[in-house]
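Contents: one structure, followed by commentary.
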Amino acid sequence: MEHKRILLPALALTLLLAVGAAVSVSGAALRPHHVRRQVAPRLLTPKKHLVNPRLTRSLRATTWRWQSIIGRGRSRSAAPLHSPRALRFWRAHARRLMRLAARPPHKRQWLCIHRYEGSWGDDGDPYWGGLQMDRSFMRAYAPRTLLRRGWANQWTPLEQMWVAERAHRAGRGFYPWPNTARSCGLI
């Protein structure tokens, strides 16, 4: 009696396994031998890593903005904006330009002139910003920034210094600020 209790469940389990094996063999027998089971192509090709193109566009816009302010030509990349290669390219260029923009060539001199001129956000007409730029000065040396951001009091201190640097490089030197440049010992 005791053997029957043990053998009966073991016999049922063996019967279930045999039926399952017969069904799987018969399913394979129904399929012709020359037709192989195909693996989906997406499983064979490696999954490509795509980047959000908004991030790449933002980095590109930052790069182009600072290149415009500094006075350099625009960088170009042939890689599509959603590729990791484009992201690396624009991230590296944005970092490099931010480091370059943080150190204008005559930064100490511009800060000295600023000390005697006004606050960076000074909006008193006819001169704006920390370097007291007038309308014709801004139109001549920063037309894009003027259109995009408004008068110099809306610009960052670095943008104001780079616009002044552009005037300096154009041959005007520190003469647009005659009194303060004299006080700083620049002329």
- request: Report yes or no: does Arg172 contribute a side-chain atom to a donor-acceptor pair with the main-chain N or O of Arg166 at less than 3.5 Å?
  value: no
task: Would you list the pairs meeting side chain to side chain donor-acceptor pair (under 3.5 Å) in which at least one residue belongs to residues 73-83, sequence neighbours left out?
output: Gln67-Ser75
- prompt: Can you name the residues that form a ring pair (Phe, Tyr, Trp, His ring centres under 6.0 Å) with Trp64, not counting sequence neighbours?
  reply: Trp90
- request: Might you work through the side chain to side chain contact (heavy atoms under 4.5 Å, CB included) test for Thr156 and Arg149, ending with a clear yes or no?
  value: CA-CA 10 Å; Thr156 65; Arg149 307 272 313 266; 4.3 Å; yes
task: Indicate yes or no for a side-chain donor-acceptor contact from Gln160 to the backbone of Ala152 under 3.5 Å, with no hydrogens or angles considered.
output: yes
task: Report the distance from atom OG1 of Thr180 to atom CD of Glu117, rounding to the nearest 0.5 Å.
output: 4.0 Å
- prompt: Do Asp122 and Asn153 have side-chain heavy atoms sitting under 4.5 Å apart?
  reply: no
query: Do the side chain of Trp162 and the main chain of Ala101 share a donor and acceptor less than 3.5 angstrom apart?
result: yes
message: One pair to check against side chain to side chain contact (heavy atoms under 4.5 Å, CB included): Asp123 and Trp151. What are the steps and the verdict?
response: CA-CA 8 Å; Asp123 60 354; Trp151 302 119; over 6 Å; no
- prompt: If you round to the nearest 0.5 Å, how far is CG of Leu87 from CG of Leu55?
  reply: 5.0 Å
- prompt: Can you check whether Met138 reaches Val163 side chain to side chain, under 4.5 Å on heavy atoms?
  reply: no
query: If you group Ile, Leu, Val, Met, Phe, Trp and Tyr by side-chain heavy-atom gaps below 4.5 Å, do Leu59 and Leu97 land in one group?
result: no
- prompt: Are Ile187 and Tyr116 grouped together when hydrophobic residues (ILVMFWY) are joined by side-chain heavy atoms under 4.5 angstrom apart?
  reply: no
Lys/Arg-Asp/Glu bridge criterion (N-O < 4.0 Å) met for Asp125, Arg135: yes
field: Verdict with reasoning, Ile69 to Trp155, per side chain to side chain contact (heavy atoms under 4.5 Å, CB included)
entry: CA-CA 11 Å; Ile69 291 168; Trp155 305 348; over 6 Å; no
query: Do other residues, nucleotides or ligands put more than 12 heavy atoms under 6.0 Å from Arg148 CZ?
result: yes
statement: Heavy-atom closest pair (Gln132 atom, Gly118 atom, distance to 0.1 Å) is NE2-CA, 4.4 Å
message: Could you measure the distance from the CG atom of Asp134 to the CZ atom of Arg139? Nearest 0.5 Å is fine.
response: 9.0 Å
- prompt: Would you call Arg182 and Asn179 a side-chain contact if the rule is heavy atoms closer than 4.5 Å?
  reply: yes
- request: Answer yes or no: is there a side-chain heavy-atom contact under 4.5 Å between Cys184 and Gln109?
  value: no
message: Ring centres under 6.0 Å, that's the criterion: do Trp177 and Trp110 meet it?
response: yes
query: Atom NE2 in His106, atom CD1 in Ile113: separation rounded to 0.5 Å?
result: 10.0 Å
task: Look only at the side chain of Ser58 and the backbone of Arg54, and say whether a donor-acceptor pair between them is shorter than 3.5 Å.
output: no
- request: Please check if Tyr127 and Met133 belong to a single hydrophobic cluster, counting links between Ile, Leu, Val, Met, Phe, Trp and Tyr side chain heavy atoms closer than 4.5 Å.
  value: no
task: List the atom of Met161, the atom of Pro104, and the distance in Å for their closest heavy-atom pair.
output: CB-CG, 4.2 Å
field: Derivation and outcome, side chain to side chain contact (heavy atoms under 4.5 Å, CB included), residues Met98 and Thr62
entry: CA-CA 9 Å; Met98 294 293 284; Thr62 301; 4.2 Å; yes
In one Ile/Leu/Val/Met/Phe/Trp/Tyr side-chain cluster, 4.5 Å: Leu158, Leu146: yes
task: Could you check Arg96, His93, Glu159, Arg72 and say which one makes a side-chain contact (heavy atoms from CB on, under 4.5 Å) with Trp66?
output: Glu159
- prompt: Quick one: does Leu81's side chain get under 4.5 Å of Arg60's, heavy atoms only?
  reply: yes
